[in-house]
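Data first, discussion second: the structure below is written as structure tokens.
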Amino acid sequence: MTGIGNCLTFARWMGLILLIAIPNRALIAQGHLNGAFDEAIQFAQKRMVKVYGATAGRVEGFASGVIVSDDGLILTIQGVFLDGTNTRVTLPNGTQVPATVLRRNREMQLALLKVDLATPDFFDLSSEPVGDKGDWVVTLSNAFKVADGVEPMSVNLGIISLRSSIEAEPGKRDSAYQGPLVLIDAITSNPGAGGGAVVTDRGQLVGAIGRVINSSETNTRLNYAVPVELLKRFVDDTLESAAPELLADRMPGDLGIEVFRFGGPLSPAYIDRVVKGSSADLVELRPDDLIVSLGGTKIGTIREYDEVRKKVFIGEEVIIVVKRGNSLIRVPLLPAAKVDQ
């Protein structure tokens, strides 16, 4: 999407809101907020959660989620905020409970969580696509973390622009998503919106709001949803066999870090050099930083660092914690193909 196209989309969206808001003042005064969409909104609100996890530098530690079973299964987006030990969700009634990450999918950028509570209100996932081009949709999410407890999700109105697909280029941070998507003429690409619901005017789930995709070349963001039929495959754990074309081989990733090795494998893992243009260089790691954790695993020696480093892959973010002086610095790294030195 070009910058001009994005501006036109924004202008159309703003015009749409004005046209709807003016004639609906009487409806709002009568308590019939959102008119024809009120039933769908209320239906979806009961089936959504706010997700909280670890923060890392400028990467937000919160997202939205949708309840997809009566026994506590919750869908949200994949992110480094799930790498900590304190992942939790706030249920529609305001109750906050711990959540366990069951599994993730790098290509779809999805994560499946589990809470130890019954969740009788949930979205029934369709195995077939829901919604056609030009259909009205409502998006619901905790964009910008404006709601913490029992407050309702933020609501946006738009239409389905088209169904398309996107392919991620390994090592590029602009887009980690790969596969089919539903493009939406509504502004959803905001921090915290990922994992939110996109529903029809009858409350049917069209898909889940995808993780923010930025274009550094055009300075635009993509408003899209992961289609419901892929959500169902992911929850049923049949995505790989049902859609093998969406999955790519996991390739070992490079962080751009060289550690000081002259003391032997049992020495502390001090950074000796940072490769220019690498992932470590982009987050401003420095020589003499002491690596104390990588990907949630404590690092005490060079040997431990080498073992953990084997488990990082291109395009899969990991959290690194380093000690610099008396400060601990926690930042996300996106392993990439090895940078020519």
Side-chain angles (χ1 to χ4, degrees), residues 53-61 77-87 100-101 103-107 109 111 168-178 211-212 214 216-217 247-341:
T55 59
R58 290 173 292 180
V59 179
E60 63 272 5
I77 58 167
Q78 153 67 356
V80 295
F81 72 101
L82 297 176
D83 288 342
T85 58
N86 193 27
T87 303
T100 302
V101 181
R103 62 176 178 274
R104 315 183 195 201
N105 181 276
R106 178 167 64 93
E107 285 71 30
Q109 289 293 289
E169 184 177 348
K172 296 292 185 181
R173 193 180 181 85
D174 274 4
S175 172
Y177 184 87
Q178 179 178 337
R211 186 176 173 182
V212 173
N214 290 302
S216 56
E217 295 180 354
L247 303 174
D249 293 335
R250 300 170 87 194
M251 300 295 292
D254 182 64
L255 301 176
I257 294 173
E258 297 291 340
V259 295
F260 190 82
R261 295 182 177 275
F262 290 109
L266 299 182
S267 299
Y270 281 96
I271 295 178
D272 181 45
R273 189 166 66 89
V274 174
V275 178
K276 186 175 181 180
S278 67
S279 179
D281 185 37
L282 293 176
V283 297
E284 300 180 346
L285 294 182
R286 305 173 186 173
D288 296 329
D289 285 346
L290 174 64
I291 302 172
V292 297
S293 174
L294 180 63
T297 301
K298 183 178 179 182
I299 303 296
T301 65
I302 291 175
R303 176 179 293 169
E304 291 173 347
Y305 169 73
D306 287 340
E307 286 301 313
V308 177
R309 188 182 60 172
K310 297 175 184 177
K311 301 175 184 178
V312 300
F313 303 95
I314 291 177
E316 298 184 21
E317 280 185 329
V318 294
I319 294 290
I320 188 171
V321 180
V322 300
K323 184 176 182 181
R324 183 180 298 166
N326 293 323
S327 301
L328 287 177
I329 299 172
R330 189 175 188 272
V331 292
L333 290 178
L334 190 70
K338 192 171 182 64
V339 177
D340 291 335
Q341 303 178 28

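Owing to the predicted nature of the structure, the values given are computational and were not obtained by experimental measurement.
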Closest contact, heavy atoms only, [X] versus [Y]:
| X | Y | value |
| --- | --- | --- |
| Leu266 | Thr301 | O-CG2, 3.5 Å |
| Gly256 | Ala280 | O-CB, 4.0 Å |
| Ile77 | Leu82 | O-CD1, 3.6 Å |
| Pro252 | Ile314 | O-CG1, 3.4 Å |

Donor-acceptor list for residues 283-292 side chains, cut-off 3.5 Å, not counting sequence neighbours:
unit_1, atom_1, unit_2, atom_2, d
Asp289, OD1, Arg324, NE, 2.9
Asp289, OD2, Arg286, N, 2.8
Asp289, OD2, Arg324, NH2, 2.8

Kindly compute the distance separating [atom1] ([X]) from [atom2] ([Y]), expressed to the nearest 0.5 Å.
| X | Y | atom1 | atom2 | value |
| --- | --- | --- | --- | --- |
| Gln78 | Glu107 | CD | CD | 11.0 Å |
| Ser293 | Glu304 | OG | CD | 11.0 Å |
| Arg309 | Leu294 | CZ | CG | 10.0 Å |
| Glu316 | Leu334 | CD | CG | 9.5 Å |
| Ile302 | Tyr270 | CD1 | OH | 11.0 Å |

- Query: Would you say Ser279's side chain and Pro335's backbone share a donor-acceptor pair under 3.5 angstrom?
  - Reply: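 Between the backbone of Pro335 and the side chain of Ser279 there is no qualifying donor-acceptor contact (under 3.5 Å).
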
- Task: Report yes if some heavy atom in the side chain of Ile320 is under 4.5 Å from a heavy atom in the side chain of Ile257; otherwise report no.
- Result: yes

- Message: Between Asp306 and Arg303, does any side-chain N to carboxylate O distance fall below 4.0 Å?
- Response: no

